[in-house]
Student: 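Just passing along the structure, written as structure tokens.
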Amino acid sequence: MDPFAHTFMGASIAASGLRKYAPLATAALVLGANAPDIDIAVAFRGDYSGLAHRRGWTHGILAWLLLPFMVTGLLLAWDKLVRRRRNTGLDPARAGSLLMLSGIGVLSHPALDWLNNYGIRLLMPFDGRWFYGDALFIIDPWVWLALGGVTFMCWSRHRVSWLLWGILFLLSSRLILGSSLVPEISKVLWCTALLLLFICRARGGVITGATMPRIMVTLVVFYMSACALASHRMEIYLKGRLQEDGHGDIEQVMVAPTPANPFHNHVVAETKEQYLLGRWSWFSESPLQLEPASLPRNSGDKLFLAAAESIAVQRYLSWSRFPYAEIEQGVDGYRVRFLDARYALFNGGIAGPEVTLNRSLEIQSVENSR
């Protein structure tokens with residue numbers, strides 16, 4: 001999930017009662033909830049290093065054990081060098097409490113990241129397999145509203161905080177309202193919910209107890225679990241149905257979430273030769289609508305294999321779930337563009353490198369498509 005979702009989850013857990021458990025409790029939960037994303041630094045290296053290395057080492061089981069100690073050490077240093085120097089009468093932070101709270105925050109991160117179809121390598125560094133929840137889109141406005149709303153009502157006592165929250169909601173609204181992928185009804189609901197939040201706050205609504213945060217965290221967990229269960233059940237159902245309809249031996253099916261609409265999904269079904277694409281609408285008379293054209297699963301093609309010798313392509317393929325290539329023949333050779341069928345219905349989504357081969361299938365150039 002995105003940094004907003006991770007931050008709101010850590011803050012909401014803190015507001016559910018743990019923020020009073022120990023000094024710096026909220027900081028431990030929020031920092032822990034974001035700590036695995038320190039691997040964002042690899043995204044700036046280029047040549048698809050971000051795809052190859054993100055959600056790996058810092059998101060796997062070894063990091064779950066190490067990152068809480070790092071967060072705890074950072075907070076203990078802050079407590080000693082800054083917090084208690086400013087006010088010598090404050091109680092010192094306790095290492096044991098901070099370690100437990102940081103651990104809760106860190107564990108919340110892979111739990112959220114697993115929910116989307118981007119993937120996460122939960123067993124790193126011992127096993128590089130990707131795991132997919134296929135439950136929520138990587139940005140989910142309903143999670144933002146529920147957990148962000150609770151956080152706003154708990155931590156907006158001063159005018160400066162009101163200004164900062166206003167900027168934050170404006171930035172998030174730009175993402176929601178400016179996307180053609182988000183349904184119009186979802187945009188209306190988003191704006192209405194934000195307006196109600198600010199009206200409640202303006203009339204003195206401040207959350208001081210733990211009851212409302214607990215309710216909202218519980219509802220969000222239920223929402224996430226329901227989406228994950230529904231997606232899993234539909235993948236099993238569609239695998240059998242597509243085989244019965246004569247589409248061949250279906251190796252795997254993905255029922256992926258779409259932005260801001262839990263009742264509409266994108267479908268990818270993998271056979272030995274191709275990827276079938278479609279859409280699933282829960283309340284439609286004909287819920288499954290397959291695209292008329294499929295995508296060739298051409299990973300065994302000699303041009304695909306020749307272009308895959310590139311380091312950039314290997315990095316892309318190490319992340320790709322349903323890889324395929326668009327191949328064009330030119331006067332002097334071939335152009336091979338790598339893609340992932342997960343995003344074929346999103347105007348290509350995260351596209352891979354474009355490799356130029358000569359007639360002898362030697363790599364002449366590699367260009368980033370993104």
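The first residue of the sequence shown is numbered 1, and numbering continues consecutively from there. Please read all numbers here as calculations on a predicted model, not as lab measurements.
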Student: Report yes if the side chains of W142 and S186 come closer than 4.5 Å at any heavy-atom pair, otherwise no.
Tutor: yes

Student: Side chains of Y132 and N116: do they bring a donor and an acceptor to under 3.5 Å?
Tutor: no

Student: How about Q274 and L276: do any of their side-chain heavy atoms sit closer than 4.5 Å?
Tutor: yes

Student: Would the distance check show the side chain of D245 and the main-chain N or O of H247 forming a donor-acceptor pair, the cut-off being under 3.5 Å?
Tutor: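 No; zero donor-acceptor contacts below 3.5 Å.
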
Student: Using distance only, find each side-chain donor-acceptor pair of residues 327-335 under 3.5 Å and give its atom names and separation, not counting sequence neighbours.
Tutor:
unit_1, atom_1, unit_2, atom_2, d
R335, NE, E354, OE1, 3.2
R335, NH1, T356, OG1, 3.0
R335, NH2, E354, OE1, 2.8
R335, NH2, E367, OE1, 3.0

Student: Looking at F222, I'd like to know if its CZ atom is crowded, meaning that more than 12 non-hydrogen atoms belonging to other residues, nucleotides or ligands lie closer than 6.0 Å.
Tutor: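 Atom CZ in F222 is not packed in, count stays at 12 or less.
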
Student: When you compare the side chains of N34 and T7, does any donor N or O come within less than 3.5 Å of an acceptor on the partner?
Tutor: yes

Student: Kindly indicate whether the side chain of K302, heavy atoms from C-beta on, has any atom under 4.5 Å from the side chain of L361.
Tutor: yes

Student: Going by ring-ring contact (aromatic ring centres under 6.0 Å, His included), name the pairs with one or both residues in residues 91-112, residues two or more places apart or in two chains.
Tutor: H6-H109, H59-H109

Student: With ring pair (Phe, Tyr, Trp, His ring centres under 6.0 Å) as the test, pick out the partner of F338 among Y324, F304, Y316.
Tutor: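 Exactly one pass, corresponding to F304.
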
Student: Assigning hydrophobic clusters by single linkage (Ile, Leu, Val, Met, Phe, Trp, Tyr; side-chain heavy-atom cutoff under 4.5 Å), is M153 placed with L147?
Tutor: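 M153 clusters together with L147.
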
Student: Hey, does W155 have a side-chain heavy atom less than 4.5 Å from the side chain of R19?
Tutor: yes

Student: Return the minimal non-hydrogen interatomic distance between V182 and P259, and the atom names on each side.
Tutor: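 So the minimum-distance heavy-atom pair works out to CG2-CB, 4.1 Å.
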
Student: Is any side-chain heavy atom of Y237 closer than 4.5 Å to one of V253?
Tutor: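 Of all side-chain heavy-atom pairs linking Y237 with V253, none is under 4.5 Å.
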
Student: Answer yes or no: is there a donor N or O on one side and an acceptor on the other, between the side chain of D37 and the main chain of I40, under 3.5 Å?
Tutor: no

Student: Shortest non-hydrogen contact from W64 to P110?
Tutor: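 So the minimum-distance heavy-atom pair works out to NE1-CG, 3.6 Å.
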
Student: For the residue pair V221 and S225, establish whether any side-chain heavy-atom pair is separated by less than 4.5 Å.
Tutor: yes

Student: Give a yes or no on whether the backbone of Y118 and the side-chain of R342 come within a donor-acceptor separation of less than 3.5 Å.
Tutor: yes

Student: Side chain of D340, backbone of F322: donor and acceptor closer than 3.5 Å?
Tutor: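 Present.
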
Student: Measure from the side-chain N and O atoms of T88 to the backbone N and O of R85, and report whether any donor-acceptor pair falls under 3.5 Å.
Tutor: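 Absent.
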
Student: Cluster question for you: counting only ILVMFWY and a side-chain heavy-atom cut-off of under 4.5 Å, with indirect links fine, are L31 and M1 together?
Tutor: no

Student: Please test W319 against Y48 for ring pair (Phe, Tyr, Trp, His ring centres under 6.0 Å), starting from the C-alpha separation and ending with a verdict.
Tutor: CA-CA 9 Å; W319 162 84; Y48 297 89; 8.8 Å; no

Student: Step by step, work out the side chain to side chain contact (heavy atoms under 4.5 Å, CB included) result for W57 and R121.
Tutor: CA-CA 8 Å; W57 281 72; R121 287 170 283 188; over 6 Å; no

Student: Among residues at least two apart in sequence or on other chains, which ones pass side-chain contact (heavy atoms from CB on, under 4.5 Å) with L66?
Tutor: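 side-chain contact (heavy atoms from CB on, under 4.5 Å) check on L66 returns L62.
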
Student: Please find the pair of heavy atoms, one from G10 and one from V30, that lie closest to each other, and give the distance.
Tutor: C-CG2, 4.1 Å

Student: Between I363 and A307, what is the shortest heavy-atom contact and its length?
Tutor: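 Shortest heavy-atom separation between I363 and A307 comes out as CD1-O, 4.1 Å.
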
Student: I'd like to know whether R55 forms a salt bridge (charged side-chain N to carboxylate O under 4.0 Å, His left out) with D113, so could you lay out the CA-CA distance, the side-chain angles of the two residues, the decisive distance to 0.1 Å, and finally the verdict.
Tutor: CA-CA 8 Å; R55 296 198 181 185; D113 277 357; 3.6 Å; yes

Student: Determine whether M224 and I120 fall in the same hydrophobic cluster, where Ile, Leu, Val, Met, Phe, Trp and Tyr are linked whenever their side-chain heavy atoms lie under 4.5 Å apart.
Tutor: yes

Student: Could you verify whether a donor N or O on one side chain and an acceptor N or O on the other, from T271 and R297, lie under 3.5 Å apart?
Tutor: no

Student: What I want to find out is whether R84 reaches D79 closely enough, with some N-O distance under 4.0 Å, to be called a salt bridge.
Tutor: yes

Student: Just checking, is any N or O donor in the side chain of H264 or S281 under 3.5 Å from an acceptor N or O on the other one?
Tutor: yes

Student: Please give me the minimum heavy-atom distance between A146 and V220, naming the atom from each residue.
Tutor: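 The answer is CB-CG2, 3.5 Å.
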
Student: So W280 and W282, would you call those rings parallel, tilted or perpendicular, with 30° and 60° as cut-offs?
Tutor: perpendicular

Student: Say whether W144 and S172, considering side chains only, have a donor N or O and an acceptor N or O under 3.5 Å apart.
Tutor: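 W144 vs S172: no donor-acceptor pair found between side chains.
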
Student: Should the pair E184-K187 be classified as a salt bridge under the 4.0 Å nitrogen-to-oxygen rule?
Tutor: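 Yes, charged N to carboxylate O under 4.0 Å.
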
Student: Are any side-chain N or O atoms of S179 and backbone N or O atoms of L181, one a donor and one an acceptor, separated by less than 3.5 Å?
Tutor: yes

Student: Is the F169-F198 ring centre distance short of 6.0 angstrom?
Tutor: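 Judged by ring-centre distance (under 6.0 Å), F169 and F198 do meet the cut-off.
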
Student: So, do I61 and L122 sit near enough that their side-chain heavy atoms are less than 4.5 Å apart?
Tutor: no

Student: Students often mix this up, so state it plainly: with edges at 30° and 60°, are the rings of F152 and W165 parallel, tilted or perpendicular?
Tutor: perpendicular

Student: What pairs with S97 under side-chain contact (heavy atoms from CB on, under 4.5 Å), at least two apart in sequence or on another chain?
Tutor: Y21, A22, R94

Student: With sequence neighbours excluded, what pairs up with T72 under the side-chain contact (heavy atoms from CB on, under 4.5 Å) test?
Tutor: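 Listed in chain order: L76, L98, L99, S102.
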
Student: List in chain and number order the residues that pass side chain to side chain donor-acceptor pair (under 3.5 Å) with S16, two or more places apart in sequence or in another chain; answer none if no residue qualifies.
Tutor: none

Student: Is it the case that one hydrophobic cluster holds both I167 and F4, taking links as side-chain heavy atoms less than 4.5 Å apart, direct or via other members?
Tutor: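 In one cluster with I167: F4, no.
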
Student: Grab the two heavy atoms, one from C227 and one from A135, that are nearest each other, plus how far apart they are.
Tutor: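 Nearest heavy atoms, C227 then A135: CB-O, 3.5 Å.
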
Student: Looking only at side chains, do S231 and D134 share a donor and an acceptor under 3.5 Å apart?
Tutor: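 Per modelled atom types, S231 and D134 side chains form no pair under 3.5 Å.
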
Student: Distance-only, no hydrogens or angles: does the S310 side chain make a donor-acceptor pair with backbone N or O of A312 under 3.5 Å?
Tutor: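 Checked: pair present.
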
Student: Might you work through the side-chain hydrogen bond (donor to acceptor under 3.5 Å, both in side chains) test for S173 and W190, ending with a clear yes or no?
Tutor: CA-CA 8 Å; S173 294; W190 168 265; 2.9 Å; yes

Student: When you compare the side chain of P213 with that of C154, does any pair of heavy atoms fall below 4.5 Å?
Tutor: yes

